[in-house]
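Step one of this worksheet: look at the structure below.
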Amino acid sequence: MLETVSVRHLGQHIGNEVAVNGWLHAKRSSGKIVFLQIRDGTGFVQAVMVRSEVSAETFAEASALTQESSLRITGIVKADDRAHSGVEMQATTLMVVQATHDYPITPKEHGVDFLMDHRHLWIRAPRQRSILKIRAEIIRAVRAFLDAREFTQVDPPILTPSACEGTTNLFHTQYFEEDAYLTQSGQLYMEAAAMAFGRVYSFGPTFRAEKSKTRRHLIEFWMIEPEMAFTTHEESVQIQEELIAHVIAHVLRHCEQELRTVGRDTEKLARIATPFPRISYDEAVAILQRNGHEITWGDDFGAPHETEIAALYEQPVFVERYPTALKAFYMKPDPDRPEVVLCADLLAPEGYGEIIGGSQRIDDADLLFARFEEHQLPADAYSWYLDLRKYGSVPHSGFGLGLERTVAWICGLEHVRETIPFPRLLYRLYP
RNA sequence: UCCUCGAUAGCUCAGCGGUAGAGCAUCCGGCUGUUAACCGGAGGGUCGUAGGUUCGAAUCCUACUCGGGGAGCCA
């Protein structure tokens with residue numbers, strides 16, 4: 001039996017006869033010659049079958065082959081300038097594993113609704129495969145970066161007894177006799193973990209029951225949430241920009257083929273370099289006012305505001321020190337200006353919006369308790385969290401990186417729904 | 001929740017008051033270098049649902065359903 005080779009590695013087998021297991025992506029035939037575009041998950045290769053060189057049965061089978069039929073094909077690997085990848089197979093034998101009939105996604109344009117209904121098949125398409133491959137490499141790069149800096153991965157719960165931040169709507173469910181909610185952030189648990197491990201990060205899904213219907217929103221999305229003990233806001237921001245720069249460099253180095261398939265202008269990514277520009281909330285408001293926006297100090301930014309600020313820079317830009325009243329209860333006030341908190345949002349270039357939100361956390365027990373009262377949060381439900389400030393509280397900081405928005409930015413996509421294998425969108429739970 | 005756009009063949013769309021159309025896909029035939037191949041032929045439709053206007057509605061009006069984009073909220 002011939003050696004089975006991944007399409008990705010065919011170039012190392014020039015001149016040899018090998019087998020490829022895969023699916024028929026497309027076919028073109030011309031009477032006495034058939035061109036079979038075959039994919040195996042690692043790549044795409046063209047097999048050329050000439051009638052005079054194979055048995056009549058094999059040629060007939062190849063001629064009748066339909067899109068997405070599963071197959072095993074053997075052939076001699078040849079270097080050929082006419083092939084996109086530079087390599088093609090001169091087919092010798094063909095075994096059809098299953099003949100497919102009426103594959104829904106044809107090599108033609110399709111609408112979003114149709115494609116989303118067929119997402120389980122759509123992910124076979126070259127473009128979708130490339131996006132999800134880049135997603136996987138981004139995750140790999142984030143982990144490598146954090147692991148190299150002695151972060152420990154700690155997994156927070158997904159089912160939680162109450163809101164972490166109390167700002168957005170949560171998915172409600174039953175936990176036997178109790179009420180439970182799907183997590184919107186693992187952060188408070190990561191603060192506990194940081195006091196146990198020093199530097200930690202979580203990577204998992206989060207859920208927001210908001211009726212958001214835009215290109216930047218998913219109902220279920222994945223976040224990386226690092227949390228660091230004995231770390232100031234300033235140190236956290238430096239880690240954030242190093243992390244993003246590392247991820248960009250990793251993807252540029254390892255996903256050249258995939259970035260080309262999705263049509264990304266890599267020049268813009270190649271220019272990303274630390275340190276990233278920073279502006280204060282105060283400066284951002286002044287800029288917006290100068291540009292004719294009706295915004296006053298103390299107002300929160302809307303999406304158009306963020307887009308306008310981000311458009312001023314080629315790099316991701318940090319917006320620091322928002323008004324205390326706008327932000328979550330746990331953020332530490334600036335000691336010099338208690339009306340603002342030690343926080344920063346990182347806005348991606350090209351209109352992709354906020355990809356990181358981070359802050360230094362309140363480490364003072366009395367102040368945190370006062371915040372609970374101001375925000376009318378149930379102190380009993382959070383007594384474990386308040387414990388963290390009673391038993392060896394330290395200055396600590398952390399942030400949350402939104403994976404899908406990061407993938408959308410790096411891939412240059414129109415919509416985050418393509419950045420996750422099976423997106424959960426408003427009113428869309430299938431497949 | 002609000003604003004806005006849309007729903008016609010398996011898919012993408014045209015038709016916008018007078019007998020339902022095209023390209024692709026499918027099936028049949030042709031073609032030895034195709035890259036969304038090409039050429040010839042065939043089959044394929046309660047025009048989202050319900051009501052209304054009209055001699056006549058895919059086309060105009062109303063409601064509803066489903067979907068796209070956006071706001072708010074956020075990563």
Side-chain angles (χ1 to χ4, degrees), chain A residues 25-37 44-53 59 63-64 66-68 78 80-85 88 90 100-118 121-122 125-126 164-170 184-187 204-225 240 299-307 326-328 345-348 352-358 399-409 414-417 419-420 425-428 430:
Chain A
H25 177 246
K27 179 190 75 182
R28 291 174 204 91
S29 66
S30 184
K32 290 171 186 159
I33 187 167
V34 179
F35 302 96
L36 304 170
Q37 314 292 338
F44 292 78
V45 69
Q46 173 166 270
V48 183
M49 188 180 286
V50 178
R51 186 158 74 179
S52 58
E53 294 171 4
F59 191 81
S63 300
T66 50
Q67 190 188 357
E68 286 305 316
K78 294 193 163 180
D80 194 314
D81 292 339
R82 290 170 294 188
H84 286 323
S85 64
E88 66 178 28
Q90 189 172 355
T100 289
H101 296 290
D102 299 322
Y103 185 72
I105 303 178
T106 58
K108 199 61 181 176
E109 295 164 9
H110 297 285
V112 169
D113 192 30
F114 177 83
L115 288 170
M116 290 307 303
D117 281 343
H118 295 83
L121 304 176
W122 189 22
C164 279
E165 303 188 14
T167 51
T168 58
N169 294 319
L170 306 184
Q184 64 169 328
S185 164
Q187 186 207 305
T206 53
F207 308 86
R208 304 279 164 92
E210 293 288 342
K211 299 202 170 178
S212 302
K213 202 168 127 176
T214 81
R215 70 186 66 192
R216 300 181 307 281
H217 288 87
L218 293 167
I219 304 301
E220 176 183 308
F221 65 98
W222 288 63
M223 273 207 291
I224 293 111
E225 294 183 276
Q240 291 168 40
D299 292 342
D300 207 354
F301 296 149
H305 300 129
E306 282 187 359
T307 303
L326 291 180
K327 288 295 186 178
D345 288 349
L346 182 64
L347 307 180
Y352 284 94
E354 183 184 344
I355 55 172
I356 288 180
F399 60 96
L401 170 66
L403 177 62
E404 286 77 14
R405 284 187 185 173
T406 304
V407 177
W409 165 45
E414 282 296 306
H415 201 297
V416 290
R417 66 182 157 227
T419 65
I420 186 167
L425 297 159
L426 187 59
Y427 307 131
R428 188 182 284 283
Y430 177 92

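Only a predicted model underlies this, so the values are computations on that prediction, with no experimental measurement involved. All chains are named by letter (A, B, ...) in the order of the sequence lines, taking the proteins before the strands, and each is independently numbered beginning at 1.
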**Prompt:** Is the shortest side-chain N/O distance from A/H118 to OP1 or OP2 of B/C11 below 4.0 Å?
**Reply:** no
**d(OH, A/Y103; P, B/G10) in whole Å** = 19 Å
**Complete:** Mate of B/A42 across any strand shown (Watson-Crick or G-U wobble, both atom pairs under 3.5 Å) is B/U26
**Base-pairing assignment for B/G48 (Watson-Crick or G-U wobble, both under 3.5 Å)** = B/C64
**Request:** Begin with the C-alpha distance, continue with both residues' side-chain angles, and end with the deciding distance and a verdict on salt bridge (charged side-chain N to carboxylate O under 4.0 Å, His left out) for A/E354 and A/R405.
**Result:** CA-CA 8 Å; A/E354 183 184 344; A/R405 284 187 185 173; 5.2 Å; no
**Asked** B/A20 pairs with which nucleotide, Watson-Crick or G-U wobble, both distances below 3.5 Å?
**Response** none
**Asked** Can any side-chain N or O of A/R208 pair as donor or acceptor with the backbone N or O of A/Q184 at less than 3.5 Å?
**Response** yes
**Complete:** As its Watson-Crick or G-U partner within any shown strand, both distances under 3.5 Å, B/G56 has none
**Fill in**
Between A/T106 and A/F221, the residue closer to the 5' end of RNA chain B by nearest nucleotide is A/T106
**Item:** Strand partner of B/U32, provided both Watson-Crick or wobble distances fall under 3.5 Å
**Value:** none
**Request:** Identify the residue among A/R417, A/E109, A/H110 that makes a side chain to side chain contact (heavy atoms under 4.5 Å, CB included) with A/L115.
**Result:** A/H110
**Complement of B/A71, any strand, by Watson-Crick or G-U distances under 3.5 angstrom** = B/U1
**Asked** With both distances under 3.5 Å as the test, what is the Watson-Crick or G-U wobble partner of B/A9?
**Response** none
**Message:** Salt bridge or not between A/R82 and A/D80? Use side-chain N to carboxylate O under 4.0 Å.
**Reply:** yes
**Asked** Which comes earlier along RNA chain B counting from the 5' end, the contact point of A/G111 or that of A/D102, where each point is its nearest nucleotide?
**Response** A/G111
Identify all pairs in which a protein N or O lies below 3.5 Å from an N or O of nucleotides 35-41 of chain B, and state each distance.
unit_1: B/U35; atom_1: O2'; unit_2: A/H84; atom_2: NE2; d: 3.3
unit_1: B/U35; atom_1: O4; unit_2: A/R82; atom_2: O; d: 3.3
unit_1: B/A36; atom_1: N1; unit_2: A/K108; atom_2: NZ; d: 3.1
unit_1: B/A36; atom_1: N3; unit_2: A/P107; atom_2: O; d: 3.3
unit_1: B/A37; atom_1: OP2; unit_2: A/R28; atom_2: NE; d: 2.8
unit_1: B/A37; atom_1: OP2; unit_2: A/R28; atom_2: NH2; d: 2.2
unit_1: B/A37; atom_1: O5'; unit_2: A/R28; atom_2: NE; d: 3.0
unit_1: B/A37; atom_1: N6; unit_2: A/S29; atom_2: O; d: 2.7

**Request:** Output all residues satisfying side-chain contact (heavy atoms from CB on, under 4.5 Å) with A/P107, sequence neighbours left out; order by chain, then residue number.
**Result:** A/Q67
